[in-house]
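Worth knowing before you read on, the calculation uses all heavy atoms, side chains too, and leaves out hydrogens, waters and symmetry mates. Just so it is clear, the model here is predicted, and its values are computed rather than measured.
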Amino acid sequence: MDREQRRREKLYRTFKESLTDGNTPSVYDENDLLDIFDYANDVYDEYVQFEVILLAARLYPESEDMMQRRAFYMYGNLSMTEGAFNLATAHREESALWSLLDLMVRHPSDEECKSVMMSILDRYSEFDDETAIQLVDVCSDLGIFDWLIEHKDDIQRRCAYPETFLYEMAMEADSRSDYNLAASLMEELTEREPFNATFWHMLAQLQVRLDNYTDAVASVDFALAIDAEAIPYQLTKAQIMFDMKGDKAKAVGMVEEILVREPDNKVAVHTLAAMYTFENRGHDAVALLNKYLQSNPSDKEAIEHLLMLGDRDSAIVALKRYFSEGGDGSAEDWSAWAKSFYTRGQYEQCAVILLALLATTGQIPEWSPMLEGLYRSGEYEAIVTLYRDIVLASGDISRFDLTITDTLIFVLSLVRSGNPEAAKKLVDTVSRIDCHDISPFEKRLATMKVCDLMKSIGEMLDAGGDVAIERFDPFTAG
């Protein structure tokens, strides 16, 4: 980082500290406010950007440069397209930023976009930080990132801070999974700023994505040589060593040591849990996650890892704590979370989440994913327990909004768990349903199909003898 960048960072930090203290100076130099805004944009600090806009609007209402930034902030951060357009049409001076904003608001054809971009290059010889950032964003949003790649060198020569442009372009390439381009750009950044540990670390992560572990080790070692105490760099080094299947024990030991110093380090916990799992140390992974979740109950990723390890008791304890103490969202959100496991064929995990939700809140938005998840996992007794202790015990089955398929699962589970009489009683209840009043038509057909299936099950139960339930089980067919 050069002297100018350090000056901008100091301005930004001083301004932010003054906001925290409630002692923001009433007068700021206009150029300083522009630098603070641009640096805040570099580090994605929308709060500071917003405060700068408010202060500048009072101190420098005629500032064209700040008006440009306000317009982009309204468009990109607040989705106020009309407000941004009004500012763009009211501007008094021509600039690259106004031209870019006009493109963003109008979204013309690719050909026109590229033509306007070329005119910007022809007309302007220098781009400040904000212009460099918006160039990348605009080309990405308008679908002409290929034009940006083609004219990278021309743009870079015009940038007051080429590092900002290279960084933004590398991040965009990374988001597009173009890791070769991103790594190439990051290599250029390390050449320009060889003592920037962050750039070396980011290069190492990109090289890992390219399966270039040898170079990744060298890059992360450069980062550690600059900042040996940085835990993110240590974690990346350990992960690379583990993935290279070299000294796995040393890699595990490195992460364990990090957790001695920072027991609630989320990345370290997840990294070590994964290492334990790959090393067939499931019990250690469960113990680690249980301990971590005691003080971090809202970490869904840790709970998901626990679910995948198959320790149901630990997962239910963690889920109940999550639902009652730390979890964000509603019952519908949590039900959708459970169904995401179902769609991946992870039926048991889906069922466990919904069982815990039911136990915690007393109800769930829908029973079908839970019942089918339990059934496909062979948890017939658990389904029977739910039927007897909750559904029947309620005295009002209608309040559960059960589907005809839910009822079929109850019947199949009752049969499989050795309760043919209860199964027959439920079949007889269902047989009294008048399917002709059900709509829409597709739902009526589906209901009639399930009713016919249960009628066959009832006839089989009436006949006595061995019950060949597999013949009537749509969940095991095929």
Side-chain angles (χ1 to χ4, degrees), residues 1-12 28-44 48-49 52-53 56 60 62-73 75-76 84 87-88 90-105 112-142 144-173 184-186 188-193 196 199:
M1 183 183 296
D2 62 20
R3 180 179 299 176
E4 177 60 17
Q5 288 287 66
R6 285 194 292 271
R7 185 191 69 82
R8 295 166 72 239
E9 180 182 10
K10 184 177 180 181
L11 276 173
Y12 159 80
Y28 257 97
D29 179 86
E30 179 183 350
N31 290 327
D32 284 349
L33 286 177
L34 291 170
D35 285 338
I36 293 168
F37 182 93
D38 290 349
Y39 190 89
N41 195 20
D42 291 346
V43 297
Y44 308 105
V48 167
Q49 288 179 277
V52 170
I53 287 172
Y60 306 104
E62 302 300 317
S63 170
E64 187 83 4
D65 289 331
M66 189 53 69
M67 189 182 296
Q68 293 169 349
R69 286 155 175 77
R70 185 161 82 245
F72 270 100
Y73 188 87
Y75 183 88
L87 285 175
H91 74 272
R92 293 173 297 280
E93 300 175 8
E94 295 297 329
S95 72
L97 275 176
W98 285 131
S99 297
L100 291 172
L101 181 61
D102 178 68
L103 283 178
M104 286 291 285
V105 172
E112 183 178 349
C113 287
K114 292 178 181 180
S115 176
V116 172
M117 286 295 183
M118 288 303 304
S119 69
I120 290 174
L121 289 186
D122 291 339
R123 184 169 185 177
Y124 301 102
S125 60
E126 185 173 335
F127 299 143
D128 61 12
D129 254 10
E130 184 67 13
T131 303
I133 292 170
Q134 296 302 339
L135 260 171
V136 176
D137 287 347
V138 169
C139 286
S140 172
D141 291 347
L142 296 179
I144 57 169
F145 192 66
D146 58 332
W147 179 91
L148 188 74
I149 296 171
E150 181 182 352
H151 295 86
K152 167 192 169 287
D153 293 339
D154 290 337
I155 297 170
Q156 188 172 328
R157 280 193 296 270
R158 290 166 169 77
C159 292
Y161 303 104
E163 293 80 9
T164 299
F165 172 66
L166 289 169
Y167 177 85
E168 293 295 324
M169 194 171 175
M171 293 302 95
E172 179 60 29
S184 174
L185 294 165
M186 199 56 65
E188 189 173 349
L189 275 168
T190 60
E191 291 169 2
R192 299 182 72 93
E193 293 194 10
N196 188 315
F199 290 165

If you apply the rule salt bridge (charged side-chain N to carboxylate O under 4.0 Å, His left out), what do you find for Asp32 with Arg8, and how did you get there? CA-CA 8 Å; Asp32 284 349; Arg8 295 166 72 239; over 6 Å; no
Verdict with supporting geometry, Tyr60 and Met67, side chain to side chain contact (heavy atoms under 4.5 Å, CB included): CA-CA 10 Å; Tyr60 306 104; Met67 189 182 296; over 6 Å; no
List the atom of Gln49, the atom of Tyr73, and the distance in Å for their closest heavy-atom pair. CB-CE1, 3.7 Å
Residue pair Lys114 / Asp146, side-chain heavy-atom distance below 4.5 Å: yes
Regarding Gln156 and Glu188, is there a side-chain donor-to-acceptor distance under 3.5 Å anywhere? yes
What one should report as the nearest heavy-atom pair of Phe72 and Leu97 is CE1-O, 3.2 Å
To the nearest 0.5 angstrom, please state how far the CG atom of Asp29 sits from the CG atom of Leu34. 8.5 Å
Give a yes-or-no answer on whether the side chains of Ser95 and Glu64 include a donor-acceptor pair shorter than 3.5 Å. no
Please give me the minimum heavy-atom distance between Tyr39 and Glu9, naming the atom from each residue. OH-CG, 3.2 Å
Start with the C-alpha distance between Leu166 and Glu163, add both sets of side-chain angles, then the distance that settles side chain to side chain contact (heavy atoms under 4.5 Å, CB included), and finish with yes or no. CA-CA 5 Å; Leu166 289 169; Glu163 293 80 9; 5.6 Å; no
Can you tell if the side chain of Val52 reaches within under 4.5 Å of the side chain of Met66, non-hydrogen atoms only? yes
Any side-chain heavy-atom pair of Asn196 and Thr190 under 4.5 Å: no
Which is it for Val136 and Met171 under the side chain to side chain contact (heavy atoms under 4.5 Å, CB included) test, yes or no, and what are the steps along the way? CA-CA 10 Å; Val136 176; Met171 293 302 95; over 6 Å; no
Once you round to the nearest 0.5 Å, how far does CG of Asp128 lie from SG of Cys159? 9.0 Å
Side-chain donor-acceptor pair under 3.5 Å between Ser140 and Asp137, yes or no? no
Quick check on side-chain hydrogen bond (donor to acceptor under 3.5 Å, both in side chains): which of Arg69, Glu130, Glu168 does Asn41 satisfy it with? Glu130
For Ile36 and Tyr28, run side chain to side chain contact (heavy atoms under 4.5 Å, CB included): C-alpha distance rounded to whole Å, both residues' side-chain angles, the deciding distance at 0.1 Å, then the answer. CA-CA 10 Å; Ile36 293 168; Tyr28 257 97; 3.9 Å; yes
Contact between Leu100 and Asp102 at the side-chain level, heavy atoms closer than 4.5 Å - yes or no? no
Would you call Glu126 and Thr131 a side-chain contact if the rule is heavy atoms closer than 4.5 Å? no
Side chain to side chain donor-acceptor pair (under 3.5 Å) between Ser119 and Asp122, intermediate numbers included: CA-CA 5 Å; Ser119 69; Asp122 291 339; over 6 Å; no
Check each of Lys152, Arg157, Arg158 against Asp154 using the side-chain hydrogen bond (donor to acceptor under 3.5 Å, both in side chains) test, and report the only one that passes. Arg157
What distance separates Ile133 CD1 from Met169 CE, expressed to the nearest 0.5 Å? 14.5 Å
To the nearest 0.5 Å, what is the distance between CG (Leu103) and CG (Leu142)? 6.0 Å
Which heavy atom of Phe127 sits nearest to which heavy atom of Ala132, and what is that distance? CB-N, 4.5 Å
Non-hydrogen side-chain atoms of Phe37 and Val48 separated by less than 4.5 Å: no
Output for pair (Ser99 OG, Met104 CE), nearest 0.5 Å, gives 14.0 Å
Are the side chains of Arg123 and Glu94 in touch, meaning some heavy atoms are under 4.5 Å apart? yes
Between the CG atom in Leu11 and the CG atom in Asp38, the distance rounded to the nearest 0.5 Å is 11.5 Å
Could you pull out the closest heavy-atom pair between Leu135 and Leu148, with the gap in Å? O-CD1, 4.4 Å
Phe145 and Ala173: which non-hydrogen atoms are nearest, and at how many Å? CZ-N, 4.2 Å
